[in-house]
Enquirer: 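This is the structure I have questions about; it appears just below.
Order of appearance sets the numbers: ligands from 1, and atoms from 1 within every ligand.
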Amino acid sequence: MPADTIRTLLANAERLLAVPGEAIACPPALAGHSVALLFFEPSTRTRCSFELAAKRLGAVTVNFHAAAASIAKGESLADTLYTLEAMGVDLFVVRHRDSGVCAELARLAAPHVAVVNAGEGRRDHPTQGLLDTLTILRHKPDLERVRVAIVGDIVHSRVAYSAVTALTALGVTDIRLVGPAEWLPRDEPFARASRHTALKDGLAGADVIMALRIQKERMAAAEEPDSDRYFARYGLTEDKLAGAAPGAVVMHPGPMNRGVEIAAEVADGPRSVIREQVTNGVAVRMAVMQRLLNKPTDTEALLV
Ligand code: NCD
């Protein structure tokens, strides 16, 4: 996605951000539209925020639970798409364990229908990348100077891939990958990031620290680290954050495993912006769906 598209989406999202405690007044930009949420992997934040985002903009939503649907009776994903399309669904929000599913559905869908990637394989989670970028921008607006440390299972994390793609497009250059060496990828978009197996080195002077869940579902049992040893080495605690920049913020895409990648004192502490990420996620998804349904044939913006 071009940097200008990212900037426009984030500016629109910022306008749609809820003010805590105030009723949300949104333009019903999606009135008359129908959104289907097709989730083939577990999700709390992403699915609920897409649903709330669609409803706040006036769309109706239908939830599809893979285990309880006709897919379990052998129906193909394409037939599921055509079936829901025949009911008038014009936007599909899709999460799937395999890469390429969203692009394939977008290719099969009618021209007026849009497909949004809500996390696919281990490489793509574009709306998460956008909400993480918005969260960083709101705390550290000078992106060219910001130092971002990403800690943990980066190689299996579509969150890290999408966040670094968006941040790099907006000019972030100081990105540190921190964790066991086998979890620190070298391919794009990480080619210019620095790598640190010692947490202390990676966190030195960092303005933003993003902890990641260990993606056990994407690794063999033998690769899974012992949780206590991992926490001792890479788990974020107040003590270990002492070398970060003053005013550093701590992020986590969720779901969190407290006591593994992050201590409760940090997750709930003054540096944590984890719940802001969740709030920003609804606004980002509103901005994305609004853009897609206004420009459904704009493949660049399909976010697949
Ligand atoms: C992430 C995902 O599904 O990729 N969660 C999310 O969308 N907030 C990260 C994870 O599962 O660890």
Enquirer: Please work out, at 4.0 Å between heavy atoms, whether the side chain, the backbone, both, or neither of Q128 comes within that distance of ligand 1.
Expert: side chain
Enquirer: Taking atom types as modelled and ignoring hydrogens, do the side chains of R123 and S99 form a donor-acceptor contact shorter than 3.5 angstrom?
Expert: no
Enquirer: What residue and heavy atom of the protein are closest to atom 3 (O) of ligand 1, and at what distance?
Expert: R158 NH2, 2.9 Å
Enquirer: I'd like to know if D268 pairs up with R258 as an ion pair, taking the criterion as any Lys NZ or Arg NE/NH1/NH2 lying under 4.0 Å from an Asp or Glu carboxylate oxygen.
Expert: yes
Enquirer: If you have a sec, work out which protein heavy atom is nearest atom 8 (N) of ligand 1 and how many Å separate them, to one decimal?
Expert: P253 O, 2.9 Å
Enquirer: Checking the side chain of K240 only, and the main-chain atoms of A232 only, is there a donor and an acceptor separated by less than 3.5 Å?
Expert: yes
Enquirer: Does a side-chain N-to-carboxylate-O contact under 4.0 Å join R158 and D124?
Expert: no
Enquirer: Closer than 4.0 Å to some heavy atom of V159 - which atoms of ligand 1 meet that?
Expert: 1 (C), 4 (O), 9 (C)
Enquirer: In terms of side-chain heavy atoms, does N63 have a donor or acceptor partner in E51 at a distance below 3.5 Å?
Expert: yes
Enquirer: Considering only the protein, which heavy-atom contact is closest to atom 7 (O) of ligand 1, and what is its distance?
Expert: H125 NE2, 2.7 Å
Enquirer: Measure the distances from the heavy atoms of G281 to every atom of ligand 1 and state whether one is below 4.0 angstrom.
Expert: no
Enquirer: Compute whether any side-chain donor of one residue and acceptor of the other, for R95 and H125, lie under 3.5 angstrom apart.
Expert: yes
Enquirer: Please identify which atoms of ligand 1 are closer than 4.0 Å to at least one heavy atom of T46.
Expert: 6 (C), 7 (O)
Enquirer: Ignoring angles and geometry beyond distance, decide whether R213 reaches within less than 3.5 Å of ligand 1 through its nitrogen or oxygen atoms.
Expert: yes
Enquirer: With nothing but distance in play, are any N or O atoms of G254 less than 3.5 Å from an N or O of ligand 1?
Expert: yes
Enquirer: Should R218 be counted as touching ligand 1, given the test is an N or O pair under 3.5 Å?
Expert: no
Enquirer: Distance-only, no hydrogens or angles: does the Y161 side chain make a donor-acceptor pair with backbone N or O of P126 under 3.5 Å?
Expert: no
